[in-house]
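First up is the structure itself, then whatever we jot down about it.
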2 protein chains.
Amino acid sequence: MTAEVISAELLAVVVAMVGDEPCVLTLGDPTPRLPAGPLLPGHRSLQAATRRWVEEQTGRRLGYLEQLYTFADLDRDGSPTRTISISYLGLTTPNADMGYGAWRGWYSLLPWEDTRTTSRVLTAQITPQIRAWADQQPSLASGRRQRCAITFGLDGNPWQPDLVLQRYELLYEAGLVPESPSDWRSPDDELAPGDRMVGDHRRVLATGLARLRAKIQYRPVVFELMAPEFTLGQLQDCVEALAGRAVHTQNFRRLIEQQALVEDTGQVHAETGGRPARLYRFRREVLQERHAAGTKLPTTRSR
Amino acid sequence: MTAEVISAELLAVVVAMVGDEPCVLTLGDPTPRLPAGPLLPGHRSLQAATRRWVEEQTGRRLGYLEQLYTFADLDRDGSPTRTISISYLGLTTPNADMGYGAWRGWYSLLPWEDTRTTSRVLTAQITPQIRAWADQQPSLASGRRQRCAITFGLDGNPWQPDLVLQRYELLYEAGLVPESPSDWRSPDDELAPGDRMVGDHRRVLATGLARLRAKIQYRPVVFELMAPEFTLGQLQDCVEALAGRAVHTQNFRRLIEQQALVEDTGQVHAETGGRPARLYRFRREVLQERHAAGTKLPTTRSR
DNA sequence: CCACTTATGCTCCGACGTAGCATAAGTGGT
DNA sequence: ACCACTTATGCTACGTCGGAGCATAAGTGG
């Protein structure tokens, strides 16, 4: 009984803020895909291999890189040798050269994840569809209804930003994303909005988003996405874009300052048509100093 | 340029409470190792493969199972084909048949992780050694000292239960665990206490412990380790054993009750030589109901 | 009946998150 | 110069929750 012959593939979810929008690095034109590549004999470690592939395919170096999850389902394609996919989450800034890849907005791929504006027109489109799915099989309805309510924050349940993966999986099961085996849905049914990706890459993206949203709450990783100097307003915009949710400005500032995560540069930034904002710099020391609590999200119900 | 030929191996950290002690399922006699096995063509998924191997090698079924981390370092052994190790964390109860494996106490493998008693004789033995290591190279001393202080809670820093992996890695780097390439330490030096394990299995164990300690704080997973019915005292003992730390009794009860994690069975348990305790049962519904906050640890400084 | 143990109830306090009010300091238009 | 508007920043009131201590209940073993 010898071990199965398999090959390993590295998958990268590389995130950066482009303007005000959080984006992912993608390749491929008709249908986008994540940068990926096989593990080769020359690679020293999985992380190093991921770095090399991203660099080679997109021409950019990565800073922060963290392992996400390892998949190895049989049904990924019909090939005889099984492929194991090890996914990573990387964070960068987009200022450098563009390379070959394209930055694609998170919320064009997962539109229902953006709840910053009260609009939620997206959810208003999705809600009835998942409700219909829930009631489809009477025997499962009660469980499904509850699951919808929790993952999508219906019926008085709070909307939880980091349930990204659970939401994607529910939509997948409900046949509402084009990646689903759509056997059981008639082709004229309207699907949930959002561009599809190759294979299960959108699910991997959702995994990355979920991890990032969870992580900014207890570790100061937002700063990996910021320019060296920034205003508190920009920082807040970034956090809000990542969390897909508005935060209470004053409390956010207090939180950042009281934790001494940043230091004043003494300079100001005045290009917003309002009172000029102080420029701050991340105190990199905190990464050593403490196993620090990162950006808590002061929730706000208004707005 | 074809993909490297590799094999994949599953590694399991299976945890259960045996009496009052948290234990890991191990195999092998002179030096313990974790249950493990290669990924075979018949396996449907990584998780299923792990289940099968644990079952086959130890004769026990697993309930809760969660992916931990994937390793693939070149130096794991000298073989030409690379091995990728995918590690999992499993939780069970030990009441069933013992199978072939042996339950080994966490704290016999990682003694410095138990800070329930103020004894800390262990730490009192380790502290001077890591201090010596920190001061060994003057150029690195300041950074190393701070790292020791944070990971081991010295110099007024709080002791953080979930830094298990960081502590193990520090001891490894300092050459204080027998798994270290001990080149640079003279053989008569006294090492940190704790039984060694095969290969890097002890590091994997540390990873599992870290994950579990972190997880019980925000997800109700403790109950996977409890008998169907239990007293709040037993639950607290379990949490304390896992966290390696004492918690404030009254606050712990308040926390559990206010979250409605358990329900009264109406029965009592009177074998402790004190006032009989009510017996409770985990409300499995909460797993559905909410993405619930699990056992927060009401820290206690006294005791 | 007493000493001891475990279980359980209740209260006080301080930290922090939530929220609203108020002010400062720019821009662009009249 | 003045005004409307925008963004930045400061401060205070309030409620919730975690941290800690005091007190009581209800068993066991001498």
Side-chain angles (χ1 to χ4, degrees), chain A residues 20 158-161 216-218 229-240 243 245-280 292-303, chain B residues 20 116 118 158-161 216-218 229-240 243 245-280 292-303:
Chain A
D20 285 344
W159 200 80
Q160 304 188 55
I216 53 171
Q217 294 182 62
Y218 59 95
E229 302 194 346
F230 49 84
T231 69
L232 291 183
Q234 291 168 344
L235 184 63
Q236 181 180 349
D237 288 343
C238 178
V239 169
E240 288 186 335
R245 163 192 216 168
V247 305
H248 185 107
T249 308
Q250 297 89 333
N251 296 338
F252 176 76
R253 316 175 112 268
R254 180 178 54 182
L255 221 58
I256 298 292
E257 277 165 353
Q258 93 186 359
Q259 290 185 116
L261 290 175
V262 297
E263 62 189 358
D264 198 330
T265 63
Q267 303 190 310
V268 291
H269 171 91
E271 296 177 19
T272 54
R275 172 172 171 177
R278 288 176 134 92
L279 276 172
Y280 291 89
T295 335
K296 293 261 178 52
L297 301 183
T299 59
T300 190
R301 321 219 187 285
S302 54
R303 184 166 156 182
Chain B
D20 285 344
R116 278 173 292 180
T118 340
W159 200 80
Q160 303 186 55
I216 53 172
Q217 294 182 63
Y218 60 94
E229 302 194 345
F230 48 84
T231 70
L232 292 183
Q234 291 168 344
L235 184 62
Q236 181 180 349
D237 287 344
C238 178
V239 169
E240 288 186 334
R245 163 193 215 168
V247 305
H248 184 106
T249 308
Q250 297 89 329
N251 295 339
F252 177 77
R253 317 176 111 266
R254 179 177 55 182
L255 222 56
I256 298 291
E257 277 165 354
Q258 93 186 0
Q259 291 186 115
L261 291 174
V262 297
E263 61 189 0
D264 198 331
T265 64
Q267 302 191 311
V268 291
H269 173 90
E271 296 180 18
T272 52
R275 170 172 171 176
R278 291 176 133 93
L279 276 171
Y280 291 89
T295 334
K296 294 261 178 53
L297 299 184
T299 57
T300 192
R301 323 220 187 283
S302 53
R303 181 167 157 181

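The chains referred to below are lettered A, B, ... by the order of the sequence lines, with proteins before strands, and numbering in each begins at 1.
- Rounded to whole Å, atom C1' of D:dT9 lies 15 Å from atom CG of A:L279.
- Side chain of A:Q258, nearest nucleotide from D:dG18, C:dG17, D:dT9: C:dG17.
- Nearest approach of A:A246 to A:E240, heavy atoms of both residues: CA-OE2, 3.5 Å.
- Set against C:dA7, C:dG17, D:dG10, the side chain of A:E257 has D:dG10 as its closest nucleotide.
- For A:F252 and D:dA8, the CZ to P distance is 12 Å, given to the nearest whole Å.
- Smallest separation of non-hydrogen atoms from A:P161 and A:A243: CB-O, 3.7 Å.
- The shortest distance between side-chain heavy atoms of A:L232 and A:E257 falls below 4.5 Å.
- The distance from atom CD of B:Q217 to atom P of D:dC17 is 18 Å, rounded to the nearest whole Å.
- Note that CZ of A:R278 is 14.0 Å distant from CD of A:E229, once rounded to the nearest 0.5 Å.
- Side-chain contact between A:R253 and A:I256 is absent, with no heavy-atom pair separated by less than 4.5 Å.
- Dashed line: the shortest gap from a side-chain N or O of A:Q250 to OP1 or OP2 of D:dA8 is not under 4.0 Å.
- One distance of note links NE2 of B:H248 with CZ of B:R254; it measures 8.0 Å at 0.5 Å rounding.
- The side chain of B:L232 lies closest to C:dT8, out of C:dT8, D:dG10, C:dG9.
- Between the side chains of B:Q267 and B:H269, no donor-acceptor pair is found at a separation under 3.5 Å.
- Set against D:dA8, C:dT8, D:dG18, the side chain of B:T249 has C:dT8 as its closest nucleotide.
- One atom, CZ of A:R253, and another, P of C:dT18, lie 17 Å apart when rounded to the nearest Å.
- At a cut-off of 3.5 angstrom, the base of D:dG19 holds at least one donor-acceptor pair with the side chain of B:R254.
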Footprint string (nucleotides 24-30 of chain D, 5' to 3'): B base within contact, S backbone only, - free, heavy atoms under 4.0 Å:
-BBBS--
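- Side-chain contact between B:D264 and B:Y280: present, with at least one pair of heavy atoms (C-beta onward) separated by less than 4.5 Å.
- Side-chain atoms of B:L279 and B:V268, non-hydrogen and from C-beta on, never get closer than 4.5 Å to each other.
- The base of D:dG19 is paired with the side chain of B:N251 by a donor and an acceptor separated by under 3.5 Å.
- Within 6.0 Å of atom CG in A:D20, 12 or fewer heavy atoms from other residues, nucleotides or ligands are found, so the atom counts as exposed in its surroundings.
- Protein atom CG of B:L255 is 16 Å distant from nucleotide atom C1' of C:dC10, rounded to whole Å.
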Would you write the dot-bracket representation of DNA chain D, where each base gets (, ), [, ], | or . depending on whether it forms a Watson-Crick or G-U pair under 3.5 Å and with which partner?
||||||||||||||||||||||||||||||
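- The OH-P distance, from A:Y280 to D:dA8, rounds to 11 Å in whole Å.
- When rounded to the nearest whole Å, the span between NE2 of A:H248 and P of D:dG10 equals 14 Å.
- Between the NE2 atom of B:H269 and the P atom of C:dT8 there is a distance of 11 Å, rounded to whole Å.
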